[in-house]
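The next block holds one structure in the form of structure tokens; read it before the comments.
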There are 2 protein chains.
Amino acid sequence: MDLAVNEPLTEETADLRDLADSIGFMARLAQVHTYETFFEDLGAYGLRPGEFSTLLLIGRNPGIRQGMVAQILRIKPAHMTKLVRSFEDRQLVERTIPDHDRRSVQLSLTTSGLDFIEEHRSAFAQHEINLRSTLTAPELRTLMQLLRKYVGFDWEEES
Amino acid sequence: MDLAVNEPLTEETADLRDLADSIGFMARLAQVHTYETFFEDLGAYGLRPGEFSTLLLIGRNPGIRQGMVAQILRIKPAHMTKLVRSFEDRQLVERTIPDHDRRSVQLSLTTSGLDFIEEHRSAFAQHEINLRSTLTAPELRTLMQLLRKYVGFDWEEES
DNA sequence: CTGAAATTGTTTACTAGGATAATGTTTTGA
DNA sequence: TCAAAACATTATCCTAGTAAACAATTTCAG
């Protein structure tokens, strides 16, 4: 059982069986890589990935219910409440209680919120370009399609 | 500006531009899907994905330095310390201070740790099968290869 | 119809996971 | 031998998750 004074085991020499072949582990690496790139590209703007996505989604869908935003972005409703409050504090998002269902909350961007998105849209586009930099265009299309299939996204590519 | 009494905007009818085409967002969905499946399949065993990976990696590489485990699994060293302590408390992992560098910590599985892995290896394999269930074998190979390329993994498929 | 029970949408209170920054030790290098 | 670097740990904090509570709406038995 002498495992003592052998090689020091680097990232290259370690035995990565069970991991390198695990789709679950690769999904984690992809997520970590995405986060790191996000903070390099957009970290200076004071929002995290989930917050950025939330603003984009509300911008595209004014009046969308808060719970629907949570469901689409896979954010827990309880956490969504906190995000929305912080957006309100920063004057980026408005909450409206609709008459037809006074339990629910409808969200839309304020003028500042719209400005924020417009100001950072090109930075966000550049971020996506950076994320894709290691892939060719066909590879990217294949990867996106397979990821959709992996997560069980219904919408198949319409031919 | 009447966005009031229109459609209620479901997950199908919402405008998902900026998101559906975002590789970053898809990476998040993949990660969430992986987590959910993990807890369905292996949640009953009391370990989370990162803990499971840690045990597997140590099992394959007895004597590996703690910091190397952190680096490979993309876990912060400070957090690794807590994980290792909890493994020690549960008698799954042993820490050794090697003579040749007494700053570092070498990790290996205890007998219970080895037992734990052996007992759950087939469940872990089944979990991977479940994760892959929406993909064909060639699709899976392509996906893994593209994910490696996406995250900047050096090792290309040797032909 | 009417009112109680169940459901839906959100919020609050609590807890835990994981990140950052600073510290302690040992080793390396000038 | 002293300064800098490397490895791990500690202390602190913040993000995000779970469970319970609250309020409004819908369902359904009578």
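Numbered from 1 within each chain, the chains take letters A, B, ... in sequence-line order.
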Could you tell me the separation between the OG atom of B:S53 and the CG atom of B:L47, rounded to the nearest 0.5 Å? 10.0 Å
Roughly how far, to the nearest 0.5 Å, is the CG atom of B:L140 from the OG1 atom of B:T134? 9.5 Å
Using a 4.0 Å cut-off to any heavy atom of chain B, which nucleotides of DNA chain C are the first and last in contact, reading 5' to 3'? C:dG17 to C:dT27
Going 5' to 3' through nucleotides 1-14 of chain D, assign each nucleotide B (protein heavy atom under 4.0 Å from a base atom), S (under 4.0 Å only from sugar-phosphate atoms) or - (no protein heavy atom that close). -----BSSBB-B--
Which whole-number value in Å describes the distance from A:I97 CD1 to D:dC22 C1'? 14 Å
Salt bridge between [X] and [Y], side-chain N to carboxylate O under 4.0 Å?
X      : Y     : result
A:R90  : A:E51 : yes
B:R121 : A:D18 : yes
A:R85  : A:E88 : no

Look at the side chain of B:T96 and the backbone N and O of B:P98, then say whether any donor-acceptor pair between them is shorter than 3.5 Å. no
How about B:D99: does its CG atom have over 12 heavy atoms from other parts shown lying under 6.0 Å from it? no
On DNA chain D, nearest-nucleotide positions of A:D99 versus A:Y35: which is more 5'? A:Y35
Mutual orientation of the aromatic rings belonging to B:H127 and B:F38 [parallel < 30°, tilted 30-60°, perpendicular > 60°]: perpendicular
